[in-house]
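Report on one structure; see the data block that follows.
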2 protein chains.
Amino acid sequence: MDALECTKILKALGEDTRIQIFEMLRNGKLCACKMIEKFDITQPTFSHHMKILCDCGIVVSEKDWKWTYYSINCDKLNELLTYLGHTKCNSNLTCECKKNNCD
Amino acid sequence: MDALECTKILKALGEDTRIQIFEMLRNGKLCACKMIEKFDITQPTFSHHMKILCDCGIVVSEKDWKWTYYSINCDKLNELLTYLGHTKCNSNLTCECKKNNCD
DNA sequence: CTCTCATATTTACAATTATCTATATTATAC
DNA sequence: GTATAATATAGATAATTGTAAATATGAGAG
């Protein structure tokens with residue numbers, strides 16, 4: 001992953017509604033109709049946010065019957081974590097470098 | 001780390017100039033005057049970006065003589081990685097969950 | 001004290017983005 | 001075919017944010 005792709009994902013996640021959507025999806029797949037109930041926004045606004053999350057690759061969508069299901073693209077998420085974590089820590093700042101687990 | 005703090009950091013990093021600043025700082029501490037040479041922006045704009053990066057906690061600054069040095073706050077970075085990585089991957093998306101190393 | 005250097009702040013403006021209403025699409029049910 | 005349901009797109013507007021010019025601050029040097 002390069003800086004350009006990374007920025008696109010960070011831009012997508014760096015917004016109040018969209019980070020909440022991300023949090024909701026962390027426990028698994030959800031359909032749009034269930035998710036939108038939790039937010040005080042209109043359906044087109046929700047759809048707009050989902051498009052941004054999908055366009056950057058961090059979320060994937062799949063159609064089933066007449067519903068659209070969304071889930072986190074864990075491969076892409078791990079690419080992002082690897083990119084961000086690839087940081088040399090200087091002397092006066094200790095780096096813990098913890099393992100990131102999906103429990 | 002909660003969603004609010006996370007969003008603030010993601011907002012800070014999700015901008016073209018600031019992700020480049022982040023990349024520059026990954027190899028260690030740098031002073032403002034050296035960094036600004038690499039960018040085609042004015043000094044006030046650079047200062048504005050550094051303020052956003054410092055306010056969210058992902059970058060720390062220290063004054064030495066008349067120069068200001070910036071470096072990545074690795075503790076905060078690891079908090080962010082832990083937060084983002086705390087994701088349950090569903091059945092049809094395999095989770096690699098690689099260890100993030102600072103080499 | 002004044003001068004210079006490095007950086008920060010203020011103000012204003014331009015570009016981007018989040019949001020809405022209205023409409024379109026796509027699929028199913030009748 | 002029409003009607004309904006779930007989601008997407010288009011267009012308009014309001015809010016946010018990136019940028020630069022001008023100015024301020026703070027710390028040596030003389």
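Values in this document were obtained by computation on a predicted structure and should not be read as measured data. Hydrogens, waters and symmetry mates play no part in the numbers below; they use all other heavy atoms, side chains included. Per chain, numbering begins at 1; letters A, B, ... match sequence-line order.
Remark: P of C/dC5 and CD of B/Glu37 are 15 Å apart, rounded to the nearest angstrom. Atom CG of A/Asp64 is separated from atom P of C/dT26 by 18 Å (rounded to the nearest Å). Remark: C1' of D/dA8 and CG of A/Leu53 are 15 Å apart, rounded to the nearest angstrom. Summarising the geometry, the separation between CE on A/Met50 and C1' on D/dT9 is reported as 16 Å, rounded to the nearest angstrom. What separates CG of A/Asp55 from P of C/dT17 is a distance of 13 Å, to the nearest Å. For A/Ile36 and D/dT7, the CD1 to P distance is 8 Å, given to the nearest whole Å. We find that CH2 of B/Trp67 is positioned 18 Å from P of C/dT4, with the value rounded to whole Å. Rounded to whole Å, the distance from CZ on B/Phe46 to C1' on C/dT9 is 16 Å.
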Test log, rule side chain to side chain contact (heavy atoms under 4.5 Å, CB included), inputs A/Cys6 and A/Leu80: CA-CA 7 Å; A/Cys6 179; A/Leu80 178 73; 3.7 Å; yes
Stepwise side chain to side chain contact (heavy atoms under 4.5 Å, CB included) test for A/Tyr70 and A/Val60: CA-CA 6 Å; A/Tyr70 296 100; A/Val60 288; over 6 Å; no
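Judged by the 6.0 Å distance and 45° axis criteria, A/Arg18 is not positioned over the aromatic ring of A/Phe46.
Using a 4.0 Å heavy-atom criterion, one finds that B/Thr68 contacts the sugar-phosphate atoms exclusively.
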Sequence-aligned protein contact record of nucleotides 15-30 of chain D, with B where the base is within under 4.0 Å of a protein heavy atom and S where only the sugar-phosphate is: --SSBBBB--------
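No more than 12 heavy atoms of other residues, nucleotides or ligands lie within 6.0 Å of CG in B/Asp40, so this atom counts as exposed by the packing criterion.
When all heavy atoms of B/His49 and B/Thr17 are compared, the pair lying nearest together is CD2-CG2, 3.9 Å. For the residue pair B/Ala12 and B/Ile52, the shortest heavy atom distance occurs at CB-CG2, 3.8 Å.
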